[in-house]
Amino acid sequence: MALGTKMLDALNAQITQELSASHSYLAMAAWFESQNLPGMATWMQLQSAEERAHGLKFFEFVVDRGEDVVLGSIAAPQSSFGSALEVFEQALSQEKAVTAAINNLYTIATAEGEFEAIPLITWFINEQVEEEAS
């Protein structure tokens, strides 16, 4: 069964958002490296890899449904920060934006009757609790 246009557009936007978050975390890792904070840099690199994996989960779902993945543009992330605290505050803000987008996916899925998407989206809802906590 094909995805509805609204659901497909939202999933493609989510793929782009996850990849953008990955890009942002990599920029944060680079800044930590420049500040000689390798432990924090490594943590951010792991976050970057995790966000890319999240994007690929959505990617694979869209492909498995027989739909086309359409990637959006990813802006250059912030690359300079005033402090480590500023980096982590931005990371938390970014995670909250991802959480809001995933909650919106759930709203669309239930409103549009896209029931096959609900287990995937529910997994991400639970994952975001962990993401914001960490």
Side-chain angles (χ1 to χ4, degrees):
M1 180 176 194
L3 292 166
T5 302
K6 189 171 185 178
M7 187 84 252
L8 179 58
D9 289 348
L11 287 167
N12 276 321
Q14 190 66 39
I15 293 166
T16 300
Q17 186 170 12
E18 298 287 346
L19 296 176
S20 178
S22 174
H23 201 53
S24 179
Y25 280 129
L26 197 56
M28 291 173 186
W31 185 81
F32 280 129
E33 289 289 359
S34 76
Q35 301 301 303
N36 197 28
L37 296 168
M40 290 179 186
T42 298
W43 192 84
M44 286 296 177
Q45 286 179 32
L46 293 172
Q47 295 306 303
S48 175
E50 186 174 40
E51 296 304 325
R52 184 174 185 279
H54 290 169
L56 289 173
K57 278 183 90 124
F58 284 114
F59 182 104
E60 290 165 6
F61 179 80
V62 170
V63 169
D64 288 348
R65 294 298 303 274
E67 301 288 355
D68 293 331
V69 172
V70 178
L71 300 177
S73 298
I74 297 175
Q78 181 177 342
S79 60
S80 182
F81 302 90
S83 67
L85 179 60
E86 180 185 340
V87 175
F88 284 104
E89 286 173 341
Q90 182 173 322
L92 179 57
S93 176
Q94 180 173 281
E95 287 301 333
K96 287 180 177 182
V98 170
T99 297
I102 290 169
N103 290 342
N104 185 56
L105 285 176
Y106 188 86
T107 299
I108 293 169
T110 55
E112 301 290 318
E114 299 283 358
F115 302 114
E116 297 85 357
I118 292 175
L120 174 69
I121 298 166
T122 300
W123 183 89
F124 276 100
I125 289 169
N126 294 324
E127 173 71 7
Q128 282 307 114
V129 171
E130 176 189 319
E131 291 291 315
E132 287 187 29
S134 70

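It should be emphasised that the depicted structure is a prediction, and the values quoted were computed from it without experimental measurement. All residue numbers refer to positions in the sequence shown, counting from 1.
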From [X] [atom1] over to [Y] [atom2], what is the distance, rounded to the nearest 0.5 angstrom?
X	Y	atom1	atom2	answer
Q14	L19	CD	CG	10.0 Å
S48	H23	OG	NE2	9.0 Å
I121	N103	CD1	CG	10.0 Å
T99	E127	OG1	CD	10.0 Å
Q128	E95	CD	CD	5.0 Å
M40	Q35	CE	CD	10.5 Å

### Task
Taking the side chain as every heavy atom from C-beta outward, state whether M44 and V87 have any atom pair closer than 4.5 Å.
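SC-SC contact between M44 and V87 confirmed.
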Less than 4.5 Å apart, any side-chain heavy atom of E131 and any of E50?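 Contact flag for E131/E50 side chains = yes.
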query = Under 3.5 Å, is there a donor-acceptor pair linking the side chains of E51 and Q47?
reply =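 No donor-acceptor contact under 3.5 Å links the two side chains.
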- [ ] Count the heavy atoms belonging to other residues, nucleotides or ligands that lie under 6.0 Å from CZ of F59, then report whether that count exceeds 12.
- [x]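 Count not over threshold, so no.
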>> Looking at F81, I'd like to know if its CZ atom is crowded, meaning that more than 12 non-hydrogen atoms belonging to other residues, nucleotides or ligands lie closer than 6.0 Å.
In response: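 Check passes, neighbour count above 12.
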Answer yes if [X] and [Y] sit in the same cluster of Ile, Leu, Val, Met, Phe, Trp and Tyr residues linked by side chain heavy atoms under 4.5 Å apart, and no otherwise.
X	Y	value
I15	Y106	yes
V70	V63	no
F124	V129	no
L92	L46	no
V98	V62	yes

Which pair of heavy atoms, one from [X] and one from [Y], lies closest together, and at what distance?
X	Y	answer
Q94	S24	OE1-OG, 2.8 Å
E114	G4	OE2-N, 2.7 Å
T110	T107	OG1-O, 3.1 Å
A117	A109	CB-CB, 4.5 Å
E116	R65	CB-NH1, 3.5 Å

- [ ] Determine, step by step, whether E33 and Q45 satisfy the side-chain contact (heavy atoms from CB on, under 4.5 Å) criterion, reporting the C-alpha distance in whole Å, the side-chain angles of both residues, the deciding distance to 0.1 Å, and the verdict.
- [x] CA-CA 11 Å; E33 289 289 359; Q45 286 179 32; 3.9 Å; yes
Query raised in the report: Passes side-chain contact (heavy atoms from CB on, under 4.5 Å), K57 versus W123? Steps please.
Result: CA-CA 11 Å; K57 278 183 90 124; W123 183 89; 3.9 Å; yes
Backbone N or O of [Y] within a donor-acceptor pair of the [X] side chain at under 3.5 Å?
X	Y	result
E67	L3	yes
S93	E89	no
S20	T16	no
S34	W31	yes

Checklist entry - Can E18 and I102 be said to form a side-chain contact (heavy atoms from CB on, under 4.5 Å), step by step? => result CA-CA 10 Å; E18 298 287 346; I102 290 169; 4.0 Å; yes
Ring centres under 6.0 angstrom apart (Y25, F32)
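Not under 6.0 Å, so no.
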